[in-house]
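Predicted model only: the values in this text are computed from it and were never measured. Naming: A, B, ... by sequence-line order, numbering from 1 per chain.
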Amino acid sequence: MIEKGLETFFEVFLNKQSVFFDKRVLQSSYIPETILHREEQTKQIATILAPALKKDKPSNIFIYGKTGTGKTLTTKYTTQKLMQVSAKENIPLKVLYVNCKLKRSADTEYRLIAQLATELGKSIPPTGLPTEEVYKSFLRALNKQKQNYILILDEIDQLIIKTGDNALYNLTRINENTESQISLIGISNDIVFVDNLDPRVRSSLSEEEIIFPPYNALQIQSILKQRAEIAFNRDVLGQGVVEKCAAYAARDHGDARRALELLRVAGEVADRKNYKKITTEHIDEAEGKIDRDRVIDIITTQPRQYHLVLYSILSLQAGRSNSIFTGEVYEIYKSLCGKTNTSVLTQRRISDIISEFDMLGIVNAKVISKGRYGRTRTISIEIPITVLPIIKKILEESTRV
DNA sequence: CCTCCACCGGAAAGCCGGGTCA
DNA sequence: TGACCCGGCTTTCCGGTGGAGG
């Protein structure tokens, strides 16, 4: 009986009308036919890279712009076109793309070089070898065929923050040891990190600099319309939906990625509720959902010690309205450890965990001075009230012995 | 104006589990 | 098997420090 019900459920699901025609178009990995509002930047990149077709070494490029301003997309798009020409004309040229933020893939010097070598067909074990050895292997792969390489390092700031500029330094001078020519394209949404770079690396990396300004609301609107045309079925977008999405995204620094995500989730919400059209209400709902999912996702993937810390903060907040200090959190945390039979970490460590929560936007922690009574952080919770019960449940479950 | 609290936060080093290689 | 490597997580050490209270 139950099976029967489930079967019909699936059948109904299968036959259900969706507002989507091709959802992938709204994902950030999708590269559209034409890229709107980035003509200038596309041209700049193309101009700089073009010499590669004549076997000259293009200058290194440093690309900077806030999140969702089309840096990655434009770079990928341009290099893709470049490759098409080089393939047609039989010009040896290779583009390697690496995202330095991807955990366990390219977020350390070893892994970055290993990743690059892997893309050139060398297989490198994920660990165990001296980094030096990996470099040698990479070099051998480069030399196997003399040609131009364009190396795209996305989110390069993450790499620098985590592991310093060693890798970058080595990469910028790798040309001295090889027949092939390597050009770097560094992409970053943070510009301050450049200051901490070795001057040699800095000047080498930013032989050319390209800035991606944020989109304004109108530009985001046209981007959304361009994608929506392919992504959705005919006539599913309600009055003012695109406008509202764009307005939300423009509100905080014109992030096109967020706008697209908002639109996509709004569509999913509409689907789930069996609406044939997406309305502006769905957007509000989508915004809340994205928020909640983000928080829940962050917290569930956090290790146990972090849960204990957060639980301590939560229970402190429950009783009072005034602010919470690090010392108090640590006291509660310690007693919690005792109760749950967990090893106790140092206050120094807990302090770091709290700032991590702060950076993740789960908690707001500001350093203040209480004069005579010392210096500490004031901590408050930033989790939307609607998710608090869920979070509490998650924490309680993981905190239990 | 000086003191001195209760932490902050950088640097370095240790531990441990994952791995390679000869 | 032992010497060695990498990377994540912690601990240790320790020099700051904003501002209320004296």
Which of the following nucleotides, C/dG8, C/dT10, C/dG18, is nearest to the side chain of A/Asp107? C/dG8

Would one find a side-chain N or O of A/Ser351 under 4.0 angstrom from OP1 or OP2 of B/dG9? no

Phosphate OP1/OP2 of C/dG8 contacted by A/Arg111 side-chain N/O (<4.0 Å): yes

Side chains of A/Tyr64 and A/Glu209: any donor to acceptor distance under 3.5 Å? no

Does the side chain of A/Asn60 pick up a donor-acceptor pair with the side chain of A/Ser183 at under 3.5 Å? no

Do A/Leu116 and A/Leu120 come close enough that some side-chain heavy atom pair is under 4.5 Å? no

Nearest-nucleotide check on DNA chain B, A/Arg377 vs A/Gly374; residue mapping nearer the 5' end is A/Gly374

Side-chain N or O of A/Arg349 less than 4.0 angstrom from OP1 or OP2 on C/dT10? yes

Can you tell which of A/Lys244, A/Arg251, A/Arg258 makes a salt bridge (Lys or Arg N to Asp or Glu O under 4.0 Å) with A/Glu287? A/Arg251

In terms of the nearest nucleotide of DNA chain B, which residue is placed more toward the 5' end: A/Gly327 or A/Arg348? A/Gly327

Return the value, rounded to whole Å, for the distance between atom NZ of A/Lys370 and atom C1' of C/dT17. 15 Å

When rounded to the nearest 0.5 Å, the distance separating NZ of A/Lys162 from CG of A/Leu112 is 11.5 Å

Could you state the atom-to-atom distance from CD of A/Glu356 to C1' of B/dC8 in whole Å? 16 Å

Distance check needed: C/dT10 P versus A/Gln305 CD, whole Å only. 6 Å

Across the strands shown, which category fits A/Gln347 at heavy-atom distances under 4.0 angstrom: base, sugar-phosphate, nothing? sugar-phosphate

Need one value for A/Val344: base, sugar-phosphate or nothing, where a base atom within 4.0 Å counts as base even if backbone is also close, heavy atoms only. sugar-phosphate

Can you tell me the distance, in whole Å, between the CD1 atom of A/Ile379 and the P atom of B/dC8? 8 Å

Is there a donor in the side chain of A/Ser398 and an acceptor in the side chain of A/His307, or the other way round, less than 3.5 Å apart? yes

Got a list of side-chain donor-acceptor pairs under 3.5 Å for residues 368-378 of chain A, not counting sequence neighbours?
unit_1, atom_1, unit_2, atom_2, d
A/Ser369, OG, A/Gly371, N, 3.1
A/Thr376, OG1, A/Thr326, N, 3.3
A/Thr376, OG1, A/Thr326, OG1, 3.3
A/Arg377, NH1, A/Ser351, O, 3.4
A/Arg377, NH1, A/Ser351, OG, 3.1
A/Arg377, NH2, A/Ser355, OG, 3.2
A/Thr378, OG1, A/Lys366, O, 3.4

A/Arg304 CZ to C/dC9 P, straight-line distance once rounded to whole Å: 16 Å

By nearest atom, which of the nucleotides B/dC8, C/dT11, B/dT3 is closest to the A/Thr326 side chain? B/dC8

On the ring face of A/Phe20, is A/Lys23 found with NZ or CZ under 6.0 Å from the centre and within 45° of the axis? yes

C/dC6 C1' sits how many Å from A/Tyr135 OH, rounded? 14 Å

Starting at atom CD1 of A/Ile124, determine the distance to atom P of C/dC6, rounded to an integer number of angstrom. 13 Å

Considering only heavy side-chain atoms of A/Pro130, the closest of C/dC5, B/dC8, C/dT11 is C/dC5

Compare the minimum distances between each of B/dC8, C/dG19, C/dG21 and the side chain of A/Arg372, then state the nucleotide with the smallest one. C/dG21

Nucleotide N/O of nucleotides 19-22 of chain B paired with protein N/O under 3.5 Å:
unit_1, atom_1, unit_2, atom_2, d
B/dG19, N2, A/Gly128, O, 3.4

Rounded to whole Å, the CZ-C1' distance (A/Arg375 to C/dG19) equals 10 Å

Side-chain N or O of A/Lys162 closer than 4.0 Å to phosphate OP1/OP2 of C/dG8: yes

Counting only side-chain N and O atoms of A/Thr131, is one of them less than 4.0 Å from OP1 or OP2 of C/dC6? yes

